[in-house]
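Written out below as structure tokens is the structure these notes cover.
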Amino acid sequence: MELPEVEVMRRDLEKDVVGRKIQSAEVRPTRNAMRVVRRHGKRKEFTSRLEGRKITKAERRGKYVLLHLDNGDVLVVHFGMSGRFLRGTKRQSLPPHTHVVLTFHQGGDLRFVDPRTFGEMFVTTADELGKVKELQHIAIDPLDHVFTWQTFGGLLAQRASKLKPLLMDQKFISGLGNIYSDEVLFAAGLRHDRMSDSLSSQEVRRLYRALQEVLQEAIRYRGTTLEDEAYVDLFGKPGEFQAELKVYGREGQPCRRCRTPIQSVKIAGRSSYYCPQCQS
DNA sequence: GTTTAACCCTGCACGC
DNA sequence: TGCGTGCAGGGTTAAA
């Protein structure tokens with residue numbers, strides 16, 4: 001789950017979960033449930049800090065969602081590759097790999113489902129929140145209004161790195177993963193292996209605009225759902241941006257702009273897709 | 001400083 | 001049909 005999917009999830013949570021009070025919290029007896037709440041030694045250390053609390057705010061930081069509680073504590077959630085939140089009711093059976101269930105006073109529950117358990121969740125106090133290493137290291141958000149193309153150009157020039165891994169580096173800029181970094185680079189007309197300090201100011205502006213446009217569009221389409229098991233929103237509904245993808249997963253298919261077949265290469269173990277004609 | 005590989009998991013598609 | 005292999009949208013770490 002990358003920035004657009006996390007942002008759609010945050011908005012769903014804000015509409016449907018903020019304001020609700022947690023009646024009970026359960027860490028399920030699944031094989032890997034303790035991996036999900038790995039920062040808590042025992043189930044109870046996690047659940048007791050949630051029970052009786054009201055959720056007051058849903059915030060996003062990079063790919064993290066922060067659910068603020070009425071006592072100042074914060075439930076920090078990272079979805080990893082297969083984690084997701086799902087709203088449900090008592091009558092609906094729990095999907096496989098449901099590791100955590102929060103049941104609300106007003107009815108209904110919130111399930112955290114994660115087959116591959118690369119995701120995690122933990123509760124922290126407001127004071128300790130600032131000390132969470134992963135959150136401290138999250139770089140500027142590309143949709144933040146303080147993120148200007150001039151700032152971005154300065155950051156790019158300071159580094160001597162290939163664009164693709166740099167865009168995916170959460171300490172450089174937050175929110176992009178494998179799909180959207182490819183789509184942004186295509187929209188900017190830049191190759192994955194262009195060096196960050198080699199861009200003209202025109203190219204910097206193109207990259208900057210591509211970031212805004214691709215991410216905003218993906219949010220508007222409610223995220224990318226590639227396969228059945230992949231991302232769905234809070235209510236189990238898939239996104240629709242997959243139909244808008246220009247390069248990701250389209251190896252061998254004609255470029256939507258110039259009809260040249262899309263190429264794929266492995267970079268650091270991850271597949272990258274690009275148009276050899278449109279990107280340089 | 002930058003890049004690569006390995007690792008943490010499960011599920012699925014694919015080829016034999 | 002069954003089995004092994006590789007791969008998947010993330011992030012950390014150690015080593016090159």
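In what follows, every chain begins at residue 1, and chains take the letters A, B, ... in the order their sequences are listed. This one's a predicted model, so the numbers in the text were calculated from it and none came from an experiment.
Nucleotide dT2(B) holds its P atom 12 Å from the CG atom of L156(A), rounded to whole Å. Taking atom NZ of residue K164(A) and atom C1' of nucleotide dG10(C), one finds them 13 Å apart after rounding to whole Å. Between the CG atom of L3(A) and the P atom of dG10(C) there is a distance of 12 Å, rounded to whole Å. Here dC12(B) presents its P atom at 16 Å from CG of L226(A), a figure rounded to the nearest Å. Between Y64(A) atom OH and dG10(C) atom P the separation is 13 Å, expressed in whole Å. Atom CG in D114(A) sits about 12 Å away from atom P in dC9(B), given to the nearest Å. Between the P atom of dA8(C) and the CZ atom of R116(A) lies a distance of 10 Å, rounded to the nearest Å. For the pair Y231(A) OH and dA8(C) P, the computed distance is 22 Å after rounding to whole Å.
Residue R31(A) places at least one side-chain N or O closer than 4.0 Å to OP1 or OP2 of dT10(B). At the phosphate of dT10(B), OP1 or OP2 sits under 4.0 Å from a side-chain N or O atom of N32(A). For dG11(C), the OP1/OP2 oxygens have a side-chain nitrogen or oxygen of H78(A) closer than 4.0 Å. Close to dG11(C), at under 4.0 Å from its OP1 or OP2, lies a side-chain N or O of K63(A). Within the structure, a side-chain polar atom (N or O) of H97(A) is placed less than 4.0 Å from OP1 or OP2 of dG11(B). Contact annotation: S82(A) does not reach the phosphate of dG10(C) (side-chain N/O to OP1 or OP2, under 4.0 Å). Proximity of Q170(A) to the phosphate of dG10(C): no side-chain N or O atom is located under 4.0 Å from OP1 or OP2.
Residue contacts shown for S271(A) are limited to sugar-phosphate atoms, with no base heavy atom under 4.0 Å away. Counting non-hydrogen atoms under 4.0 angstrom, R159(A) reaches the backbone sugars and phosphates but no base. Among the protein residues, K266(A) comes within range of the sugar-phosphate backbone only, with heavy atoms under 4.0 Å from sugar or phosphate atoms but none that close to a base. Within the 4.0 angstrom heavy-atom criterion, no nucleotide atom of any strand lies near E5(A).
Relative orientation of the H192(A) and Y274(A) rings is perpendicular, given thresholds of 30° and 60° on the angle between their planes. Taking the six-membered ring where the residue is Trp, F152(A) and F172(A) present tilted rings, their angle falling between 30° and 60°.
Here Y208(A) and F147(A) bring their ring centres to under 6.0 angstrom of each other.
The side-chain contact (heavy atoms from CB on, under 4.5 Å) with S174(A) is formed by just one residue from the set D169(A), D144(A), D141(A); it is D141(A).
Between dC3(C) and dC8(B), the two C1' atoms lie 24 Å apart (nearest whole Å). To the nearest whole angstrom, the two P atoms, one in dA5(B) and one in dG6(C), are 15 Å apart. For the P atoms, the distance from dG10(C) to dG1(B) is 25 Å, rounded to whole Å.
Residue ring and base: F118(A) does not count as stacked with dC9(B) (centre distance below 5.5 Å and interplanar angle below 30° not both satisfied).
Of the charged side-chain nitrogens involved, at least one lies within less than 4.0 Å of a carboxylate oxygen, so that D70(A) and R53(A) count as a salt-bridged pair.
With both pairing distances under 3.5 Å, dC9(B) is matched to nothing as a Watson-Crick or G-U wobble pair.
Formation of a donor-acceptor pair under 3.5 Å by the E5(A) side chain with backbone atoms of T224(A) is found in this model.
The minimum heavy-atom distance linking R38(A) with G119(A) is given by the pair NH2-O, 3.0 Å.
Residue order along DNA chain B, read from the 5' end via each residue's closest nucleotide, puts Q158(A) first among Q158(A) and R35(A).
Candidate nucleotides dT2(B), dT13(C), dG10(C) were compared by shortest atom distance to the side chain of M168(A), and dG10(C) ranks first. Checking dG11(C), dT2(B), dT12(C) against the side-chain heavy atoms of R270(A) singles out dG11(C) as nearest.
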